[in-house]
Colleague: 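Next up is a structure, given as structure tokens.
Hydrogens, waters and symmetry mates play no part in the numbers below; they use all other heavy atoms, side chains included.
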Amino acid sequence: MNKKNKNVFAFFLSAIIFICILSSVACASDWPQFQKDKTNSGVTKDEAPTSDPMSDNSLSWERKLSSNIDIAPIVDGDLVYVATGDNKVYAIDKVTGNITWENSSSGSGFLLANIASGKNMIFVPTKNGRIYAFDADTGVEMWDVKVSSNQLNTPVTFDSNRIYFGDAESGGTGSSSDGTYYCYDVEDGTELWSRDSTSGGGYYWAGAAVKGNYLIYGDDKSHLTSVEKDTGNTIDEIDVSSVFGVAANEIRSSIVCNSDRLYFTSKGGYCFALGFNDSSGTFDTMNAYSAYIGPSVSTPTIYNGKVYVGSAGALSCLNASDLTNIWAFAVSGDVKSSPALSERYDTGNGNIYIYFTTNSADGRVYCLKDYNGNINPVEQWSYEEPGKTDWSLAGVAISDGWIYYGTDTGYLFGLTNKKTIRKSGGSSGGGGSGSANIFFSTGEAPENIAVFETSISYMSFGHKTTFEFYDPDNYVTSVYFDAKQNCGKQTAIVEVLNTNSTYATSIEEPVYKYLNIWIGKAGFANPARMDNMTVEFKVLKPEINESIVNRSTITLNRFYEDEWRSLNTEELEDREDNNSIYFRAETTGISPFAITYENVSEVVTIDEYKVNSSYTKTINGDFQNLDVWNTLSGFAMPERTENMTVEFSVLKSEINESNVNVSTITLNGFHDDEWKSLKTEKLEDRKDNNSLYFRAETTSISPFKITAEATLEAEDGDQNQ
């Protein structure tokens with residue numbers, strides 16, 4: 001690598017690292033192995049569909065593959081990988097569902113061992129005891145090894161340059177036997193160590209977790225084992241049935257490491273929590289809890305002090321501390337899948353979304369919402385289509401706004417919706433751009449976000465920093481300010497909202513659009529770092545009635561210090577085009593915003609009405625008749641009754657009585673998309689030195705205007721004025 005290329009590489013590497021460490025920014029995650037990572041957490045900061053992904057104009061896809069799918073897909077970069085029961089391996093474009101490559105392994109039948117990715121390779125264990133490595137980009141086979149004469153039935157756990165997995169002699173619905181756990185080098189498929197089961201039980205779906213220097217896994221004889229991950233030497237082993245005093249039976253879930261505890265389930269119907277010593281690799285049997293949930297092979301998912309786990313006929317939520325029950329969501333069929341969880345919208349309120357499948361003839365995929373203090377699960381959506389979603393054994397993978405899962409009928413699904421697809425921002429003032437691979441935890445409710453766009457720029461002391469936005473559905477066009485500090489690369493976010501922001505109270509004025517604008521992490525955008533902060537935005541002409549909306553009243557409002565405050569807003573007249581009106585507003589900070597307006601005329605209940613503008617055009621010459629109209633301000637809506645009457649006044653000082661024909665002064669109402677003159681009469685008995693008074697009859701309340709005929713002088717040649 002030459003010096004120039006090294007510099008370019010270093011620049012991009014530093015940019016990637018910087019973006020990933022921002023507290024409010026998380027890199028869009030892959031889902032490279034079973035339950036996402038080497039601890040089997042099942043938790044991601046990535047977004048996933050929280051509303052029906054099969055609604056109108058859905059972006060979701062389905063792909064019928066060659067045979068049954070009984071493992072969870074994995075995601076690496078732009079590709080989804082899955083293996084089928086006829087020893088095929090597929091790489092599929094995550095957005096389109098198109099097949100990028102396919103290749104063959106061996107050992108047809110029910111492939112129950114989950115594949116994994118690492119070092120740009122895909123590792124595929126098989127039913128006939130072989131393991132394969134394929135190039136992740138091309139599908140070219142890198143190596144394959146005959147490991148055992150038994151079935152390889154556990155998920156592959158990838159860590160550093162090694163993979164870990166187990167085998168079993170028989171399996172099926174009964175107990176397996178003669179199991180061995182293995183460690184292989186991924187570079188060339190060399191065995192580094194193997195350890196035979198001391199209990200005599202096999203390893204069936206019993207995936208391992210890596211915790212520090214140790215590898216932990218269970219077996220079909222209810223034994224739990226901890227070994228040194230580099231050597232396979234035994235550190236600790238317990239009989240779970242004996243320690244917990246229950247008939248645990250087969251442990252067929254993977255082990256989940258969370259803080260100083262391990263969590264797992266068994267076919268005996270229990271969920272277990274057990275203390276683990278990171279420094280010694282030993283089990284703490286004094287820190288042990290169990291709860292009966294029904295027969296389970298589901299790997300638990302732990303988040304925010306709660307355990308989410310599947311069993312026969314339900315998904316349960318338990319207290320992580322003592323496994324007491326919080327709630328259970330009943331379903332038709334068994335939840336053999338392991339829940340996948342998105343924490344994308346948790347801002348301290350515990351808002352999370354849980355995804356799982358059911359293994360039954362009427363199999364479904366579900367999305368549930370949970371939050372702090374909740375005791376009843378909230379079903380956001382579910383999807384079922386007979387002949388396609390039947391018998392879904394494994395769970396889902398989450399990545400970049402999508403979920404992916406397969407079924408025993410051979411269908412692979414990619415589900416999303418428009419709300420969770422991120423669009424790239426345009427080039428920013430600092431030369432950067434928004435990215436579909438960068439996600440932000442602003443905390444706004446996902447169902448309230450109509451448009452989401454990002455922009456990246458550099459903050460350099462003494463220079464103007466500009467964030468520009470190009471999505472046509474985004475009403476904010478730019479945000480800029482003078483930087484008072486060197487803050488490096490920063491990211492701005494605009495969320496166009498369906499209703500008021502989660503962080504704001506209601507606003508009284510009519511609202512055109514609600515917005516959230518964010519820069520950097522929480523609290524970053526303040527006067528200490530930036531000066532002369534400005535937001536430029538647009539209002540679409542087709543979305544307003546220009547005959548009713550008074551464009552001079554269009555204002556950007558900011559919510560801060562627990563109240564809405566209007567900002568100094570001006571129209572950018574030189575930028576107006578056929579579709580949009582553009583505005584600029586000054587602000588001292590970034591927070592929820594609302595674009596408000598006032599109508600040209602609104603109705604109020606008052607005894608006297610006042611003309612607030614007058615016809616001021618001066619023309620000398622011949623006479624001709626002209627329409628003259630004035631706008632009433634401050635109208636409000638009276639009670640709808642028969643014989644509705646509006647009385648109003650015209651100030652003599654605001655009209656030229658020598659030109660204006662007083663008898664033609666008329667109140668006009670706007671309804672049925674047109675102006676209509678109303679029967680108007682002058683109130684002779686109410687005349688005074690300042691005003692003329694009138695009464696008009698109307699059948700409805702709407703915008704009004706006062707018109708009159710005037711005779712004005714015009715210069716020769718200007719008769720067409």
Colleague: Verify whether one side chain among S501 and N516 offers a donor that lies under 3.5 Å from an acceptor in the other.
Modeller: yes
Colleague: Determine whether the side chains of R63 and N98 contain a donor N or O and an acceptor N or O closer than 3.5 Å.
Modeller: yes
Colleague: Which heavy atom of E444 sits nearest to which heavy atom of Y503, and what is that distance?
Modeller: N-OH, 4.1 Å
Colleague: Of all heavy-atom pairs between N304 and G350, which one has the smallest distance, and what is that distance?
Modeller: ND2-CA, 3.9 Å
Colleague: Checking R364 against T358: is there a side-chain donor and acceptor pair closer than 3.5 Å?
Modeller: no
Colleague: Check the orientation of W402 and Y404. Use parallel for under 30°, tilted for 30 to 60°, and perpendicular for over 60°.
Modeller: parallel
Colleague: Classify the side-chain pair D346/Y303 by whether it contains a donor and acceptor separated by less than 3.5 Å.
Modeller: yes
Colleague: In sequence, state the C-alpha distance, the side-chain angles, and the governing distance for Y308 and F356, and then conclude on side-chain contact (heavy atoms from CB on, under 4.5 Å).
Modeller: CA-CA 10 Å; Y308 302 95; F356 64 96; over 6 Å; no
Colleague: Ring-plane angle category for F264 and F272, please: parallel below 30°, perpendicular beyond 60°, tilted otherwise.
Modeller: parallel
Colleague: Working note: T409 + T407, criterion side chain to side chain donor-acceptor pair (under 3.5 Å); need CA distance, chi angles, decisive distance, verdict.
Modeller: CA-CA 5 Å; T409 56; T407 66; 2.7 Å; yes
Colleague: Does the side chain of S51 come under 3.5 Å of the side chain of E447 through a donor N or O and an acceptor N or O?
Modeller: no
Colleague: Could you pull out the closest heavy-atom pair between T299 and S338, with the gap in Å?
Modeller: N-OG, 2.9 Å
Colleague: Here's a test for you: under side chain to side chain donor-acceptor pair (under 3.5 Å), which of S66, S105, S108, S67 qualifies with N87?
Modeller: S108
Colleague: Look at the aromatic rings of F123 and F158 and report parallel, tilted or perpendicular, splitting at 30° and 60°.
Modeller: parallel
Colleague: Does one side chain, of E495 or W518, offer a donor that lies under 3.5 Å from an acceptor on the other?
Modeller: yes
Colleague: So I115 and I122, do their side chains get closer than 4.5 Å, heavy atoms only?
Modeller: yes
Colleague: Would you mind telling me which of N376, N374, L318 makes a side chain to side chain contact (heavy atoms under 4.5 Å, CB included) with W327?
Modeller: N374
Colleague: Please determine, by modelled atom types, if N68 and D70 share a side-chain donor-acceptor pair under 3.5 angstrom.
Modeller: yes
Colleague: In sequence, state the C-alpha distance, the side-chain angles, and the governing distance for Y355 and Y405, and then conclude on ring pair (Phe, Tyr, Trp, His ring centres under 6.0 Å).
Modeller: CA-CA 10 Å; Y355 302 84; Y405 83 104; over 10 Å; no
Colleague: Counting neighbours of CD on E379 that are heavy atoms of other residues, nucleotides or ligands and sit closer than 6.0 Å, is the number greater than 12?
Modeller: yes
Colleague: Which heavy atom of T265 sits nearest to which heavy atom of S298, and what is that distance?
Modeller: OG1-O, 2.8 Å
Colleague: Can you confirm whether the side chains of S321 and N319 place a donor and an acceptor under 3.5 Å from each other?
Modeller: no
Colleague: For side chain to side chain donor-acceptor pair (under 3.5 Å), just list the numbers for S332 and D362, CA-CA rounded to whole Å, side-chain angles, deciding distance to a tenth of an Å, and then say yes or no.
Modeller: CA-CA 8 Å; S332 173; D362 58 348; 3.3 Å; yes
Colleague: Is it the case that the side chains of K541 and S580 hold a donor-acceptor pair, with the cut-off being a distance below 3.5 Å and no angle test?
Modeller: no
Colleague: So which of D52, L415, I403 actually passes side chain to side chain contact (heavy atoms under 4.5 Å, CB included) with S60?
Modeller: L415
Colleague: State, with a plain yes or no, whether a side-chain heavy atom of F329 is found less than 4.5 Å away from one of V378.
Modeller: no
Colleague: Would you please say whether a donor-acceptor pair under 3.5 Å links the side chains of N557 and T596?
Modeller: yes
Colleague: Pick one: which of F583, Y512, F593, Y582 meets ring pair (Phe, Tyr, Trp, His ring centres under 6.0 Å) with Y475?
Modeller: Y512
Colleague: Might you work through the side-chain contact (heavy atoms from CB on, under 4.5 Å) test for T84 and L111, ending with a clear yes or no?
Modeller: CA-CA 7 Å; T84 54; L111 176 64; over 6 Å; no
Colleague: Can we say K306 and D370 salt-bridge, meaning some charged N sits less than 4.0 Å from an Asp/Glu carboxylate O?
Modeller: yes
Colleague: Using ring centroids (six-membered ring only for Trp), state whether Y383 and F413 fall under 6.0 Å.
Modeller: yes
Colleague: Working note: R344 + D46, criterion salt bridge (Lys or Arg N to Asp or Glu O under 4.0 Å); need CA distance, chi angles, decisive distance, verdict.
Modeller: CA-CA 6 Å; R344 167 69 174 80; D46 271 15; over 6 Å; no
Colleague: State, to 0.1 Å, how close T416 and L59 come at their nearest heavy-atom pair, and which atoms those are.
Modeller: CG2-CB, 3.9 Å
Colleague: Heavy atoms only: give me the nearest T357-G395 pair and the separation to one decimal.
Modeller: OG1-CA, 4.2 Å
